Amino acid sequence: MQCDKCSREAIIYQPYSGMHLCSMHFTRDVETRAKREIRTHRWIRSGDVVGVALSGGKDSAAILHLLAGLLNERRDVELLAVTVDEGISGYRDPAVARRIAASEGVEWHCRSFAGEFGVTLDEVVARTGERRSCSYCGVLRRAVLNRAARDLGITRLALGFTLDDDAQTVLMNVLRGDAGRLLRSPDRQVPGVAPRIRPFRTVPEREVALYAHLHSEGFDLRGCPYSGTALRNDVRRLLNEYTHRHPSTPFALLRLEEELQAAGGGGAAVPVCPHCGEPAPGECRVCRIIEEVGGHV
Ligand code: SF4
């Protein structure tokens with residue numbers, strides 16, 4: 001099949017746009033959309049220190065490559081990579097992320113659950129069971145990234161979140177009946193917390209994966225042994241099946257999210273836990289988990 005923009009061979013078909021694209025026009029399309037998000041949200045400003053949350057998987061390798069290319073010529077913006085080692089044996093290997101950062105010429109830092117809380121995720125699971133592994137992992141990883149950002153002077157944390165991730169999150173919040181999260185803007189300012197930026201939020205996961213395969217190498221393709229327990233997996237299956245028949249559905253969910261967040265007005269100010277320093281709208285989840293599993297903050 002031929003590219004719809006030139007005479008080269010197409011490498012992908014976008015069902016939602018009806019376009020076949022060659023490698024060059026596909027790359028240009030992904031980068032144009034990511035740059036548009038950055039511009040629209042004013043996500044990167046002069047003086048920023050941008051930290052990429054680099055797990056070593058394809059999405060984070062892709063976002064690092066995009067930002068390294070974009071910020072290469074900028075003398076007024078610094079780019080770092082931060083890896084969080086949750087302590088999951090047979091899965092997380094920080095050396096993978098270190099090599100990816102080195103290949104992009106980006107300074108790399110690593111923090112771990114063991115170093116920050118005195119407990120690995122494997123130990124958390126051994127003490128509390130697998131059912132809540134992803135929810136505990138998410139809370140602790142956010143806290144580690146917030147600490148690393150404060151220590152390293154990071155002003156923006158870049159995540160490799162894709163359109164699929166965003167659409168799944170919206171649907172999960174709907175299924176949980178969590179109006180608070182649906183109305184809360186991810187761009188709101190929380191004292192002591194570097195705002196997250198998600199340049200790939202309008203790019204489908206399969207396209208981010210293809211972008212990574214074209215422009216990055218050595219990323220980790222292994223799956224987390226605890227991922228099978230996540231509600232997100234059920235939602236992913238449901239949404240993929242529906243999107244197969246109705247390709248624009250993830251974009252519709254993204255629009256719904258934006259409209260709800262605009263109506264929600266950004267959400268109330270978030271208090272900070274006096275014990276661990278993390279944002280805690282009610283009971284501090286970081287402290288509760290650490291107390292339950294016998295670690296330290
Ligand atoms: Fe953590 Fe769950 Fe992701 Fe595994 S799948 S790294 S447990 S959030």
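Counting convention: from 1, in listed order, for ligands and their atoms alike. Since the model is a prediction, treat every value here as computed from it, not as a measurement.
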Quiz item: Does the side-chain contact (heavy atoms from CB on, under 4.5 Å) test come out yes or no for Val82 and Trp108, once each step is laid out?
Solution: CA-CA 6 Å; Val82 183; Trp108 178 75; over 6 Å; no

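Scanning the protein for heavy atoms near atom 3 (Fe) of ligand 1, the closest one is Arg141 NH1, 4.2 Å. Counting only heavy atoms of the protein, atom 4 (Fe) of ligand 1 lies nearest to Cys224 SG, 2.3 Å. Of all protein heavy atoms, the one lying nearest to atom 1 (Fe) of ligand 1 is Cys137 SG, 2.3 Å.
A salt bridge does not link Arg141 with Glu116: none of the charged nitrogens is closer than 4.0 Å to a carboxylate oxygen. A salt bridge does not link Arg147 to Asp151: none of the charged nitrogens lies less than 4.0 Å from a carboxylate oxygen.
Checked against the 6.0 Å centroid criterion, the rings of Tyr16 and Phe251 qualify as a close aromatic pair.
Residues Val170 and Leu182 come closest through the heavy atom pair O-CD2, 3.9 Å.
Among the backbone and side-chain atoms of Cys134, an N, O or S atom lies under 2.8 Å from atom 2 (Fe) of ligand 1.
Both the backbone and the side chain of Ser227 come within 4.0 Å of ligand 1, judged by heavy-atom distances.
Distances from atom 7 (S) of ligand 1 to the heavy atoms of Val125, Leu140, Val124, Leu121 put Leu121 nearest.
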